[in-house]
Student: 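Starting off with a structure, shown below.
Numbers here are sequence positions counted from 1. Source: prediction; values computed, not measured.
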Amino acid sequence: QVQLVESGGGLVQTGGSLRLSCAASGSIFKINAMGWYRQAPGKQRELVAVITSGGRINYADFVKGRFTISRDNAKNTVFLQMNGLKPEDTGVYYCKLELTTRDYRIVEYWGKGTLVTVSS
């Protein structure tokens with residue numbers, strides 16, 4: 001019913017940059033928030049950044065000052081600009097969508113993930 005299409009992952013060297021994109025499509029009534037999470041092998045999935053429908057932004061402390069989250073409301077798309085990448089940023093980055101349905105239920109959707117690899 002709702003799908004998320006992610007792009008922008010890849011291989012970069014330490015200090016490089018990547019720009020991730022996530023476009024939502026399908027039966028969408030109201031988007032509450034869109035954000036990015038990441039997961040390294042053997043580690044728990046962790047919050048990277050989130051932006052709400054009201055424009056409030058939260059960043060994880062370890063990416064603040066290096067990553068920037070933004071959105072294009074007309075295209076239901078969220079971006080993550082990643083600068084100054086470090087090897088510890090390596091992992092699968094997942095797009096998360098929270099929305100309110102037409103019968104006023106709050107549901108979550110996850111993208112399939114895009115791999116980011118930072119070499120030293």
Side-chain angles (χ1 to χ4, degrees):
Q1 191 170 357
V2 175
Q3 62 182 23
L4 302 175
V5 179
E6 300 156 307
S7 63
L11 173 64
V12 297
Q13 295 187 31
T14 298
S17 298
L18 286 172
R19 184 172 181 262
L20 307 183
S21 299
C22 175
S25 63
S27 181
I28 299 174
F29 179 61
K30 178 185 178 182
I31 294 178
N32 301 327
M34 298 186 73
W36 293 94
Y37 291 70
R38 72 185 187 187
Q39 187 170 20
K43 306 276 285 185
Q44 291 186 330
R45 190 172 299 185
E46 61 185 351
L47 171 71
V48 177
V50 62
I51 182 168
T52 71
S53 61
R56 186 174 70 255
I57 297 174
N58 290 316
Y59 293 104
D61 289 339
F62 57 85
V63 302
K64 190 173 297 184
R66 298 188 295 126
F67 294 5
T68 302
I69 189 171
S70 61
R71 65 184 182 185
D72 185 335
N73 291 334
K75 298 180 179 179
N76 291 327
T77 300
V78 64
F79 306 94
L80 185 68
Q81 179 67 46
M82 304 186 294
N83 299 323
L85 285 163
K86 307 173 182 179
E88 50 263 44
D89 294 320
T90 294
V92 178
Y93 284 68
Y94 297 92
C95 178
K96 179 187 176 182
L97 167 68
E98 181 186 289
L99 61 83
T100 298
T101 66
R102 294 184 183 275
D103 57 347
Y104 308 108
R105 294 183 298 109
I106 298 176
V107 298
E108 295 179 349
Y109 290 90
W110 291 87
K112 294 181 179 180
T114 183
L115 178 62
V116 172
T117 303
V118 185
S119 63
S120 60

Student: For R66 and G84, which heavy atoms make the closest approach, and how far apart are they?
Tutor: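 Closest approach of R66 to G84: NH1-O, 3.0 Å.
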
Student: Which heavy atom of K75 sits nearest to which heavy atom of T77, and what is that distance?
Tutor: O-OG1, 2.9 Å

Student: Please report the closest heavy-atom contact between Y59 and A49, naming both atoms and the distance.
Tutor: CD2-CB, 3.6 Å

Student: For residues A24 and L97, report the shortest heavy-atom separation together with the two atoms involved.
Tutor: CB-CD2, 4.1 Å

Student: Applying a strict under-4.5 Å side-chain criterion to I, L, V, M, F, W and Y, I'd like to know whether V12 and F62 cluster together.
Tutor: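 Yes.
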
Student: First locate atom CG of D103, then atom CZ of F29, and finally report the distance between them rounded to the nearest 0.5 Å.
Tutor: 9.5 Å

Student: Spell out, as yes or no, whether a donor-acceptor pair under 3.5 Å connects the side chain of R71 to the backbone of T52.
Tutor: yes

Student: Quick one: CD on E88 to OG on S120, what's the gap to the nearest 0.5 Å?
Tutor: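 One gets 10.0 Å once the value is rounded to the nearest 0.5 Å.
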
Student: Is the shortest side-chain heavy-atom distance between L20 and E6 below 4.5 Å?
Tutor: no

Student: What are the two closest heavy atoms between A40 and T90, and how far apart are they?
Tutor: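 Residues A40 and T90, closest heavy atoms: CB-O, 3.8 Å.
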
Student: How does the hydrophobic cluster around L115 look, that is, which other residues are in it when side-chain heavy atoms under 4.5 Å mark a link?
Tutor: Y37, L47, V50, V92, Y94, W110

Student: Would you give the length of the straight line joining atom CD1 of I51 to atom CG of L80, rounded to the nearest 0.5 angstrom?
Tutor: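 I51 atom CD1 to L80 atom CG measures 11.0 Å (nearest 0.5 Å).
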
Student: With side chains defined as the heavy atoms from C-beta onward, is the minimum distance between M82 and D89 less than 4.5 Å?
Tutor: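 They are not in contact (no side-chain heavy atoms under 4.5 Å apart), so the answer is no.
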
Student: Can you tell me how far apart OG (S53) and CD (E98) are? Round to the nearest 0.5 Å.
Tutor: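 So the gap between those two atoms works out to 9.0 Å.
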
Student: Does any part of the side chain of T14, heavy atoms only, come nearer than 4.5 Å to the side chain of P87, both counted from C-beta?
Tutor: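 A side-chain contact exists here, since the closest heavy-atom pair is under 4.5 Å.
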
Student: Do Q13 and S119 get their side chains close enough for a donor-acceptor pair, meaning under 3.5 Å?
Tutor: no

Student: Which residues pass the side chain to side chain contact (heavy atoms under 4.5 Å, CB included) test with S17, not counting sequence neighbours?
Tutor: Q81, N83

Student: Rounded to the nearest 0.5 Å, what separation is found between the CD1 atom of I31 and the CG atom of L99?
Tutor: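 Separation between the atoms: 7.0 Å.
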
Student: Can you tell if the side chain of T114 reaches within under 4.5 Å of the side chain of Y93, non-hydrogen atoms only?
Tutor: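 Heavy-atom side-chain distance check passes, below 4.5 Å.
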
Student: Nearest 0.5 Å, what's the CD1-NZ distance between I57 and K64?
Tutor: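 Going from CD1 on I57 over to NZ on K64, the span is 11.0 Å.
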
Student: Please report the shortest heavy-atom distance between L18 and L85, naming the atom on each side.
Tutor: N-CD1, 3.9 Å

Student: State plainly whether one hydrophobic cluster holds both Y109 and V78, where clusters connect Ile, Leu, Val, Met, Phe, Trp and Tyr through side-chain heavy atoms under 4.5 angstrom apart.
Tutor: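 Result: yes, single cluster for both.
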
Student: Indicate yes or no: at least one non-hydrogen side-chain atom of V63 is less than 4.5 angstrom from one of R38.
Tutor: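 Yes; the side chains approach each other to less than 4.5 Å.
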
Student: Do S25 and V5 make a side-chain contact, defined as non-hydrogen atoms from C-beta onward lying under 4.5 Å apart?
Tutor: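 Of all side-chain heavy-atom pairs linking V5 with S25, none is under 4.5 Å.
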
